[in-house]
There are 2 protein chains.
Amino acid sequence: MHAFAIRESRVTRQPSPITGRADLAKRKRVLRWQRDPEGMRLRILEAAKQEFSAHGIGGARVDRIAQKAGANKRMLYYHVGNKEDLYLAVLEGAYEKIRAEERELDLEHLAPPEAIERLIDFTWNYFIRNPEFLALLNTENLVKAKNLKRSTKIKSMHSPFVEMIRDVVQRGVASGDFRVAVDPVQLYISIAALSFFYLSNSATLSVVFGRDLLAREARDERLQHMVALVLAALTGKSTALFAKGVKEKPAKPRSPAHHTA
Amino acid sequence: MHAFAIRESRVTRQPSPITGRADLAKRKRVLRWQRDPEGMRLRILEAAKQEFSAHGIGGARVDRIAQKAGANKRMLYYHVGNKEDLYLAVLEGAYEKIRAEERELDLEHLAPPEAIERLIDFTWNYFIRNPEFLALLNTENLVKAKNLKRSTKIKSMHSPFVEMIRDVVQRGVASGDFRVAVDPVQLYISIAALSFFYLSNSATLSVVFGRDLLAREARDERLQHMVALVLAALTGKSTALFAKGVKEKPAKPRSPAHHTA
DNA sequence: GTACAAATTAACCCGTTGGATAATTACTGT
DNA sequence: ACAGTAATTATCCAACGGGTTAATTTGTAC
């Protein structure tokens, strides 16, 4: 079938750009490789992620995962395991990924208000870039986190954000930027909540409000609102932006107040 | 089977408390009725709500709904329709219910800060009292709100909250209680978000943070935090409560406007 | 009480689905 | 060249799941 074509087109180990005539044969062999366990596994995991995040656990179809991965169904069991194993692997991968990116964000070097803004910005954009993550979390919560619970791997991956926030808040209070000490966990949850809910529920909310919440403008407005809300609460200074349709650059067209027709 | 027992125990039309001897016969007949379309339909819908909210669309089992409703499977199709119809009916019921309760909340008579606090309190407690609603919304968003979109019924049910908030914010700004005018839609979403995310994701979050977020204390703390966060942002005054583990009234069990046990 | 409609049940149908078996193919070390 | 192992495929199947058919029971009208 076309399985072969797919296999050829998706090369996991990219051949080195500068290729001497000597290893041309070898390279050709690599491209033609029928067996590629690593690549296969990755493709399976990616396909499974798509499937589970698009349809939930109950709605996911093992056959579809195989098809999307360009693999025989048997391969799923060979490389990963049954449906449940497949799901757990996807979930673990999702947590690994976000934790990795979180770690790269250092808020320590920023002034407290900027650090908070950065944090919100990161969270927001991470969710936008990884919509499957949102869906997976919802899916996992539907089953009361039973898979997360049995994953020692995930349980050992602590988010660095709580400590980061604790530090930032402490510094902010000390410097006078912030007026009050907030519980870092609560603040972390709140910041995640503001982005998560908006994006995860954008479909129903868009219908209810009769406008596309994922449109460029709407997204920008939302980010602005969230930053303003949190910073206003922390600093006590109303960061201008916080006002209704107000933006300090009045030249721009922008629809001021007529939301919800 | 025990279907009969269930049918007898769950009476939908409650008999009037004062019952004359005259209609005793009639009443007895009612109680013995094998046929009870209304009651049956309600039980089916309730069972379907449980099933869909517990397992999602793909994970829901029609047989299980029938069983839970104490009905024959054929009855589902007879009274409501196929699985899809069943789901839509549940979704519509859920929206009807929250809209109805929302309408009863009048914020117009309260001072702006109290109105906001009341609003947060209501939202929070409604979600706690109706966990299926959260699950249903997530489920519906998983399918990109496709069912919501085709429900003219739901689309015609506008939440009164946006206008309520608009009014409250306007009054707040006028009275000087609030410093800035916020977009009511954004504020509405934010308030919903703070509660929704916490509760909807409490399972995974509890694992990640290693503590039960649904425990009494944790819930109280969360409500406190949310109110403080939003009010601080709006008023500019840091409502003390906002501080870490601080509660200024150590004696009182807290819960200012708790109209929900 | 008898005819008629409404409500309810039992049993079955048949495509789907997760999973398993066994055979086949591609690569590896020697 | 060859044996042995790893990867992959084709095929099958038993259970399940949504939905339907046809009969049966129960109440109602006359």
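All figures in this text were calculated on a predicted structure; none of them were measured in a lab. Chain letters run A, B, ... following the sequence lines, proteins first and then strands; every chain starts at 1.
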Donor-acceptor pair (no angle test) under 3.5 Å: B:R74 side chain, D:dT20 base
no
What integer distance in Å separates A:Y87:OH from C:dG19:P?
15 Å
Name the residue closer to the 5' end of DNA chain C, choosing between B:N72 and A:V62 according to the nucleotide with the nearest heavy atom.
B:N72
Ring centers of B:F209, A:Y188 separated by less than 6.0 Å
yes
Check the distance between C:dG18's C1' and A:D63's CG and give it to me in whole angstrom.
8 Å
Phosphate oxygens OP1/OP2 of C:dT17: is one of them under 4.0 Å from a side-chain N or O of A:R61?
yes
Scan B:N82 against the nucleic acid and name what it touches under 4.0 Å (heavy atoms): base, sugar-phosphate only, or nothing.
sugar-phosphate
Please give, in whole Å, the distance from D:dC13 P to A:K73 NZ?
14 Å
NA contact type, A:A66, heavy-atom cut-off 4.0 Å: base, sugar-phosphate, or nothing?
nothing
Whether A:H79 contacts D:dT8 is assessed here as follows: a side-chain N or O lying under 4.0 Å from the phosphate OP1 or OP2. Is that the case?
yes
Rounded off to whole Å, could you give me the OH-to-C1' distance for the B:Y77 and C:dA7 pair?
18 Å
What I want to check is whether an N or O donor and acceptor connect the side chain of B:K83 with the base of D:dG19 at under 3.5 Å.
no
